[in-house]
Amino acid sequence: MTDLINLMNDLLWGSILVYLLVGVGIYFTFRLGFIQFRHFGHMFSVLRNSRKSDKSGISSFQALCTSLAARVGTGNMAGVAVALTLGGPGAIFWMWMTAMVGMATSFAESTLAQLYKTRDKDGNYRGGPAYYMEKGLGMRWMGVLFSIFLIVAFGLVFNAVQANSISSAMHTAFGFKPLYVGIVIVLLSAFVIFGGIRKIARTAELIVPFMALAYIVIALAVVFINIDKLPAVISLVFRSAFGLEQAAAGGVGYAIAQAMINGVKRGLFSNEAGMGSAPNAAASATPYPPHPASQGYVQMLGVFVDTIVICSATVAIILMSGEYVPHGEITGIELTQRALSSQVGDWGSIFIAFAIFFFAFTSIIANYSYAETNLIFLEHNNKKGLIVFRIIVLGMVMFGSLATLPVVWSMADVSMGLMAIVNLVAILLLSGIVVKLAKDYNRQLKAGKLPTFDANDYPELKSQLEEGIWDNNPSQ
């Protein structure tokens with residue numbers, strides 16, 4: 001079984017996804033006129049008015065926190081350490097590049113999710129790739145395929161990965177047995193996920209901003225302590241990315257390939273751009289301005305915060321600590337803990353343990369919310385099915401607390417890769433609509449108007465949209 005998983009990983013990540021992911025990001029970057037750079041400041045303008053919501057949707061800020069809850073977790077702490085160990089410092093450069101082009105991909109998928117959202121039987125907004133595949137492309141089979149991959153990846157495998165990192169961090173910091181840690185995670189997760197999507201959003205809104213800010217402050221303190229090392233660290237990342245660091249020893253091509261593959265892989269795992277996960281949160285929001293593209297800007301900011309800010313914080317902590325050893329045995333969350341402890345003392349390991357606990361815990365509940373949305377797409381809101389699925393998810397959380405890292409991580413890579421391929425194909429097929437919506441939004445913005453989506457302006461789309469979602473937009 002392990003050999004089969006490794007074979008699929010080599011096929012997906014050795015060629016297909018590295019080129020497809022970066023290629024789609026570059027494609028949307030050009031099609032949208034370098035939107036992530038030209039409108040960088042506008043992302044923050046949209047965020048200022050992101051606390052509005054209504055009875056059908058959560059606020060844009062809650063949607064951002066929910067997507068960040070899923071994004072900010074093991075990928076930012078354990079994943080960065082793994083990328084460094086396997087791909088060298090150059091992997092971090094490719095992580096950054098994946099994020100920069102991925103911002104445009106994230107804009108595309110989140111805008112489409114908003115456009116094609118629906119209301120479930122409880123009156124809550126639901127949507128995501130499965131919904132735009134069915135409504136926008138008329139391919140329900142494609143939506144079903146995507147939903148199955150997402151449920152396996154996010155509802156089951158990724159939650160096992162998050163729980164694994166929590167139990168590992170708690171064992172390293174306090175010596176707690178994984179079994180007891182697993183029981184605590186299961187009980188806390190059950191309390192939140194049985195409360196529904198709004199409880200998940202409220203929990204993410206409370207925890208994520210606080211923990212992210214605390215982690216960034218700690219990283220900045222480490223940088224300040226080691227400010228004299230900063231130029232050398234930055235130089236090391238860039239030199240390694242292009243094989244200059246390895247030139248003297250030979251094997252330049254292999255070194256570049258390993259840096260690129262591990263950087264792109266861990267970059268996608270961390271920021272999830274193009275994977276089709278964050279759009280599930282984006283679709284749940286009541287957007288302001290009341291236009292699908294406004295959620296594109298909000299989720300673009302999520303990619304930036306996740307990778308360029310938080311992942312870079314972990315990079316600074318590890319590379320400035322002197323604990324990093326190329327292809328060393330110490331990797332994952334343990335390397336991050338040791339690195340911080342060497343800088344600030346023993347409490348650094350404890351801080352990382354608590355940070356990974358809260359980041360990974362919020363990832364578990366956000367991942368569940370994504371899976372729930374797709375289960376509703378498959379079952380049309382079968383309440384009994386949701387209860388059974390919640391119990392299965394909690395079982396995977398316990399499994400992850402006790403399992404070994406390599407097997408779980410490899411399973412995550414395969415399921416994530418298959419899911420991403422289906423979503424990337426869909427957004428490419430719908431790219432013309434993304435461009436139309438972006439132009440419409442920015443035309444109104446330049447005219448000094450509040451960008452507002454009117455379905456009547458798009459007769460070719462109106463029949464694809466759920467009745468009442470945009471015709472009677474409550475934000476207007």
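Hydrogens, waters and symmetry mates are skipped; everything else that's a heavy atom, side chains included, is used. The first residue of the sequence shown is numbered 1, and numbering continues consecutively from there.
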Non-hydrogen side-chain atoms of Pro129 and Glu109 separated by less than 4.5 Å: no

Considering all heavy atoms, the nearest Ser312-Trp96 contact: OG-NE1, 2.9 Å

Gap between atom CG of Leu402 and atom CG of Asn164 - 0.5 Å precision: 9.5 Å

Heavy-atom pair of closest approach, residues Val101 and Val22: CG2-O, 4.4 Å

Point-to-point distance, once rounded to the nearest 0.5 Å, from OG of Ser189 to CD of Gln162: 10.5 Å

Least distance between heavy atoms, Ile92 atom then Val237 atom: CB-CG1, 4.2 Å

Aromatic plane relationship, Phe30 with Phe34 - under 30° parallel, 30 to 60° tilted, over 60° perpendicular: perpendicular

Check: Met103 main-chain N/O paired with Ser106 side-chain donor or acceptor under 3.5 Å: no

Residue from Tyr297, Phe107, Phe40 passing ring pair (Phe, Tyr, Trp, His ring centres under 6.0 Å) with Phe304: Phe40

Flag for Asn442-His42: side-chain donor and acceptor within less than 3.5 Å: no

Side chains of Ser59 and Gln62 in contact at under 4.5 Å (non-hydrogen atoms): yes

CZ/Phe37: more than 12 non-hydrogen atoms of other groups inside 6.0 Å: yes

Phe146 vs Ile421 side-chain heavy atoms within contact, under 4.5 Å: no

Donor-acceptor contact below 3.5 Å, side chain Asn367 vs main chain Ser363: yes

Shortest non-hydrogen separation from Tyr370 to Thr66 and the atoms involved: OH-O, 3.9 Å

Flag if over 12 foreign heavy atoms under 6.0 Å of CZ, Phe210: no

Heavy-atom check, side chain of Leu430 versus side chain of Leu137, under 4.5 Å: yes

Taking every non-hydrogen atom, the tightest pair across Val425 and Met142: CG1-CE, 3.8 Å

Contact check, side chains of Tyr131 and Thr373, non-hydrogen atoms, under 4.5 Å: yes

Arg48 to Tyr288, cation-pi by 6.0 Å centre distance and 45° axis angle: no

Short N-O contact, Arg126 and Glu466, less than 4.0 angstrom: no

Polar side-chain atom of Asp440 near backbone of Lys436 as donor-acceptor pair, under 3.5 Å: no

Charged tip of Lys117 within 45° of Tyr125 ring normal and under 6.0 Å: yes

Name of the residue among Ser294, Ser110, Ser67 meeting side-chain hydrogen bond (donor to acceptor under 3.5 Å, both in side chains) with Gln299: Ser67

Short side-chain to backbone donor-acceptor contact, Gln114 and Ala282, under 3.5 Å: yes

Value rounded to 0.5 Å, distance of CE in Met139 from CG in Leu429: 6.0 Å

Short side-chain donor-acceptor distance under 3.5 Å, Thr111 and Gln295: no

side-chain contact (heavy atoms from CB on, under 4.5 Å) between Arg390 and Glu372, worked out: CA-CA 9 Å; Arg390 287 168 180 170; Glu372 179 182 281; 3.1 Å; yes

Approximate separation, where rounding is to 0.5 Å, of Leu32 CG and Tyr27 OH: 9.0 Å

Side-chain heavy-atom pair Val181, Ile166 within 4.5 angstrom cut-off: yes

Separation of Ser284 OG from Asn280 CG (nearest 0.5 Å): 7.5 Å

Exercise: identify the closest heavy-atom pair between Ala371 and Ile151: O-CG1, 3.9 Å

Chi angles and distances behind the side-chain contact (heavy atoms from CB on, under 4.5 Å) call for Leu206, Arg202: CA-CA 6 Å; Leu206 289 172; Arg202 284 195 296 270; 5.6 Å; no

Polar side-chain atom of Ser167 near backbone of Pro178 as donor-acceptor pair, under 3.5 Å: no

Ile469/Leu465 under side-chain contact (heavy atoms from CB on, under 4.5 Å): CA gap, chis, key distance, verdict: CA-CA 8 Å; Ile469 292 286; Leu465 308 181; over 6 Å; no

Heavy-atom side-chain proximity of Met95 to Val315 below 4.5 angstrom: no

Tyr132 and Asn423: side chain donor to acceptor below 3.5 Å: yes

Flag for Tyr215-Thr314: side-chain donor and acceptor within less than 3.5 Å: yes

Identified side chain to side chain contact (heavy atoms under 4.5 Å, CB included) partner of Leu394 from the options Tyr368, Phe194, Phe399, Phe389: Phe194

Sub-4.5 Å side-chain heavy-atom contact between Met275 and Met419: yes

Met100 backbone acceptor or donor facing Gln36 side chain under 3.5 Å: yes

Inter-residue atom distance Ile200.CD1 - Ile364.CD1, 0.5 Å rounding: 12.0 Å

Test of ring centre spacing under 6.0 Å for Tyr458 and Phe453: yes

